[in-house]
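First up is the structure itself, then whatever we jot down about it.
The figures here come from the full heavy-atom set of this structure, side chains too, leaving out hydrogens, waters and symmetry mates.
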Amino acid sequence: MLRLCDIHAALGGVLHGDGTRAIAGLASLESAGPDRLAFVGQARHAAAIESTQAAALIVPPELVPRASARGPCIETSQPYPYFARLTQWWRARQLAAQRAAADPAEPAIHPSAWVHPSAELAAGVRLGAFVVVEAGAQIGADCEIGAHCVIGARARIGAQARLAAQVVIGHDCTLGARCIVHSGAVIGADGFGFAAHEERWLKIEQLGAVRIGDEVEIGANTCIDRGTLDDTVLEDGVKLDNLIQIGHNVRIGAHTAMAGCVGVAGSAQIGAHCTFGGGAGVLGHLRIVDHVHITAATLVSRSILKPGQYSGAFPIDDNANWEKNAATLRQLYALRQRLKALEKKF
Amino acid sequence: MLRLCDIHAALGGVLHGDGTRAIAGLASLESAGPDRLAFVGQARHAAAIESTQAAALIVPPELVPRASARGPCIETSQPYPYFARLTQWWRARQLAAQRAAADPAEPAIHPSAWVHPSAELAAGVRLGAFVVVEAGAQIGADCEIGAHCVIGARARIGAQARLAAQVVIGHDCTLGARCIVHSGAVIGADGFGFAAHEERWLKIEQLGAVRIGDEVEIGANTCIDRGTLDDTVLEDGVKLDNLIQIGHNVRIGAHTAMAGCVGVAGSAQIGAHCTFGGGAGVLGHLRIVDHVHITAATLVSRSILKPGQYSGAFPIDDNANWEKNAATLRQLYALRQRLKALEKKF
Amino acid sequence: MLRLCDIHAALGGVLHGDGTRAIAGLASLESAGPDRLAFVGQARHAAAIESTQAAALIVPPELVPRASARGPCIETSQPYPYFARLTQWWRARQLAAQRAAADPAEPAIHPSAWVHPSAELAAGVRLGAFVVVEAGAQIGADCEIGAHCVIGARARIGAQARLAAQVVIGHDCTLGARCIVHSGAVIGADGFGFAAHEERWLKIEQLGAVRIGDEVEIGANTCIDRGTLDDTVLEDGVKLDNLIQIGHNVRIGAHTAMAGCVGVAGSAQIGAHCTFGGGAGVLGHLRIVDHVHITAATLVSRSILKPGQYSGAFPIDDNANWEKNAATLRQLYALRQRLKALEKKF
């Protein structure tokens with residue numbers, strides 16, 4: 001049985017109170033049972049400290065008095081990073097336990113996986129059932145490739161990447177080390193390129209690829225299209241949530257994060273350390289500098305050359321009010337002209 | 001050959017006119033040929049009664065005179081539920097006929113499916129080609145699992161569920177009885193959780209799962225993320241359309257329905273019997289009570305504590321008008337100040 | 001080694017300068033090295049002509065003097081269609097070279113593919129690993145079906161179609177000739193149809209299919225639902241980008257193109273030669289005539305019966321301005337009433 005002091009020994013911080021308390025799992029403050037470890041990141045959640053049933057708490061220094069009044073706690077000056085490392089440590093223990101319990105005869109390469117003779121698998125690679133690795137692909141050391149993944153011809157995947165089930169990596173695309181890709185993500189589908197000609201669309205074949213840096217995470221059913229001539233690029237540490245569309249020739253700077261359902265049109269150039277709220281969009285060929293933060297559901301329709309926060313969502317209202325205001329919005333320019341005219345009168 | 005009276009015998013209602021009319025299929029009023037059964041749900045579609053070529057009609061009581069003047073009809077006081085049950089009955093007949101025509105030697109478990117020895121399949125389970133069922137998973141009686149589905153370790157699926165091809169159910173996730181999940185849906189990918197630390201993102205491993213009630217339907221390529229510590233929860237009877245994103249730790253109350261492309265950010269708590277129009281969004285950590293109806297393309301940016309309909313889409317206009325109004329919108333607060341100033345003058 | 005004159009011989013245009021220049025690849029003006037062929041479509045990109053390192057250029061007639069002053073070029077009166085045909089020719093050469101280099105013993109039908117005995121494969125069909133072709137499906141001549149695709153029962157695919165890995169074609173759906181479908185696309189999931197009954201949703205089984213014309217392209221993870229009774233229809237030459245949702249019973253006219261993340265609700269009827277910007281939406285049962293152009297992020301909330309461009313996105317602003325304007329927008333109707341009152345006074 002794991003004790004609080006084991007966690008403290010592994011992850012540090014300052015232990016207050018009884019370190020021998022048994023910890024069966026992590027939980028939120030609200031749902032924690034008496035054998036769980038919970039986490040309070042901010043003083044504004046402190047009200048729940050007295051009511052939680054958790055065995056122990058992780059708290060910032062200012063909450064130690066309140067937390068230790070009710071039971072043991074670990075103090076940390078960086079509660080969110082501590083919590084992140086705790087979840088990582090916990091998950092690694094779970095996986096180790098599951099692997100120890102598994103049949104040692106289970107092979108790392110599932111017997112149903114199909115690997116082209118010219119593909120190269122480094123040491124420690126694990127392939128799930130029905131994985132396909134096509135000609136000339138290279139998979140780095142200790143990668144875990146989930147069931148049903150397809151690794152296209154000549155694709156390269158860096159060491160220690162984790163691909164969940166049913167990921168598609170297109171031909172000639174590259175992923176850096178320690179990337180995580182979730183199920184249904186499609187890296188390297190054709191960009192949407194057509195030339196209009198005599199009332200039809202002629203396909204522009206997409207001859208570039210996708211090039212992804214280290215420690216990038218890509219969400220479920222997210223799509224990153226290959227470039228037309230050059231590559232679509234995601235730099236190191238980019239984090240993309242689910243159901244995101246990244247068009248061809250886009251470049252996303254390091255450590256930029258996008259929430260679900262964002263769409264970025266072709267050839268947009270996005271800086272480093274930006275954040276995008278859910279459902280935001282970026283039109284094609286725009287440039288966004290570093291440290292720009294886009295609010296949810298905002299359409300970026302012009303380049304943004306100055307760091308800061310930008311917004312453009314329609315405010316929600318009850319339907320009756322919205323109807324009146326939306327109808328008036330269609331006359332807004334005319335209202336302004338009428339206001340001007342009035343102003344001129346006086 | 002099926003006759004109108006067979007349908008009447010199976011599904012009830014009041015039969016008017018010749019019950020021996022042959023019915024080869026169901027069709028819309030507009031496209032129905034002379035061997036089809038069509039449906040009129042509302043008086044406002046009644047104009048098509050005279051022009052349809054359908055063999056027979058299903059109509060509410062008030063349309064019986066018009067419908068029976070042109071041919072046989074079935075009267076029902078609840079035309080939409082009757083129509084729903086009719087399509088279910090029809091589909092069940094189709095499937096039964098297809099199964100009867102299939103080679104009886106075709107096994108219920110496709111020989112290419114890969115089932116871990118520790119997984120449990122109840123009686124009557126059907127697995128398609130290349131299905132993967134991982135360690136400790138449990139699949140309930142009479143489930144149909146389509147080709148290429150991946151059922152993760154320790155996942156549990158209730159009886160009579162129907163999974164279309166290429167569904168991913170993540171480890172430790174649970175589905176209730178009689179759920180329907182469409183192709184490409186991903187249940188249990190990691191939630192989007194990171195702690196900012198020294199200009200990088202530290203991954204918060206997602207240790208919860210997804211817990212889905214009975215009779216839930218989940219659309220194609222829809223994603224439901226696993227919780228960080230606790231579970232993401234969909235209660236009984238929830239209906240989700242395609243390409244929907246449900247973030248980690250979200251709870252959706254019973255019988256709430258969402259149209260395509262909706263996004264719900266993490267930890268939002270949504271009540272029962274709500275509806276969401278296509279492309280709507282909900283920000284994180286909000287609370288929405290029961291019986292709230294959100295119009296299409298509306299961003300819910302604050303909690304909604306009162307039942308009703310809420311909206312917030314920008315009204316469409318021709319591009320020239322929109323440009324003028326949108327430009328003016330960026331000065332709206334200033335216009336209000338100018339109006340105030342004018343009002344003060346008088 | 002390929003020379004510029006080989007390209008000229010294959011694709012036409014007027015060659016200016018040294019046709020023996022070696023061409024190792026295509027590239028953008030900015031990234032082109034000295035063995036690359038680049039393309040200038042419009043005079044506004046002409047500034048880069050002097051700075052590019054490209055071996056040769058493709059240019060419209062008005063740019064020939066500038067381009068030939070720096071090196072060889074091919075003149076064409078239709079630069080975009082020429083470029084499109086060039087990429088097609090280049091891709092075909094790449095594929096031919098890859099196939100020539102492949103082991104001639106590699107079979108066209110991957111040995112792991114599972115094809116129902118009643119399915120029909122025409123001459124020249126190639127099936128990737130773990131493909132599933134269900135009962136009664138028909139695949140036309142020279143189709144390429146990528147790894148892990150599922151072709152449902154009785155589906156029909158026209159000649160020379162290209163399906164990338166992990167595409168699902170539902171039972172009874174049809175694709176025309178020369179269609180391209182990208183990974184994760186789901187053709188023929190159930191439409192979202194329910195009848196409300198006693199505070200629950202009764203499923204309306206979707207008995208129609210999806211019918212797709214010739215030369216249609218469908219993006220990654222895009223969903224096209226089957227019709228309720230009749231079919232959902234995409235006419236010839238329709239081009240859909242990634243992550244698009246097409247509801248049941250929709251009809252899309254020939255050569256209409258939609259950018260990523262568009263959503264079209266059920267039974268909408270969309271004309272030919274329309275374009276939709278990314279993230280646009282169309283409500284159900286609306287009609288849009290031919291030659292309508294919808295700007296990105298615009299919700300079409302009423303039928304559009306006149307060709308033209310239509311818009312409705314909220315303008316982006318810095319967050320502080322947006323907050324003030326959005327708050328005022330919720331009083332817009334009241335402001336109009338106040339303006340009216342003032343006007344009456346004078």
Would B/V238 and C/W201 count as a side-chain contact (heavy atoms from CB on, under 4.5 Å) here? Give the steps. CA-CA 9 Å; B/V238 166; C/W201 300 105; over 6 Å; no
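- Residue contact with chain C, scored on non-hydrogen atoms closer than 4.5 Å, involves the side chain of B/H148 exclusively.
- In terms of non-hydrogen atom pairs under 4.5 Å with chain B, the most contact-rich of C/T298, C/L207, C/V132 is C/L207.
- Between chain B and the residues C/R200, C/E134, C/E199, the most heavy-atom pairs under 4.5 angstrom are made by C/E199.
- Among B/L243, B/L86, B/D236, B/I180, the residue with the largest count of heavy-atom pairs under 4.5 Å with chain C is B/L243.
- Contacts between C/S112 and chain B at a heavy-atom distance below 4.5 Å involve the backbone alone (N, CA, C, O).
- Of the residues considered (B/K340, B/R330, B/Q331), B/R330 shows the highest number of contacts with chain C, using heavy-atom pairs under 4.5 Å.
- Each of B/A84, B/G146, B/G25 has some count of heavy-atom pairs under 4.5 Å with chain C, and the biggest count is that of B/A84.
- Looking at C/L335, the atoms closer than 4.5 Å to chain B (heavy atoms on both sides) sit in the backbone and in the side chain alike.
- Interface check for chain C: of the options B/E323, B/E217, B/Q78, the most heavy-atom pairs under 4.5 Å are formed by B/E217.
- For the options B/P81, B/A326, B/A220, heavy-atom pairs under 4.5 Å to chain C are most numerous at B/P81.
- The shortest side-chain heavy-atom distance between B/N242 and C/F192 does not fall under the 4.5 Å cut-off.
- The closest donor-acceptor contact from the side chain of B/N221 to the backbone of C/G184 lies under 3.5 Å.
- Side-chain contact between B/Y80 and C/H197 is absent, with no heavy atoms from C-beta onward closer than 4.5 Å.
- In terms of non-hydrogen atom pairs under 4.5 Å with chain C, the most contact-rich of B/Q98, B/H273, B/K239, B/H182 is B/K239.
- Remark: the C/H116 side chain and the B/E106 side chain contain an N/O donor-acceptor pair separated by less than 3.5 Å.
- With a 4.5 angstrom heavy-atom cutoff, B/S183 touches chain C via backbone and side-chain atoms both.
- Contact of C/K306 with chain B is not made at all, since no heavy-atom distance falls under 4.5 Å.
- Between C/E205 and B/R162 a salt bridge is recorded (basic side-chain N to carboxylate O distance below 4.0 Å).
- Proximity to chain B (any heavy atom under 4.5 Å) is restricted, for C/L332, to the side chain, taken from C-beta onward.
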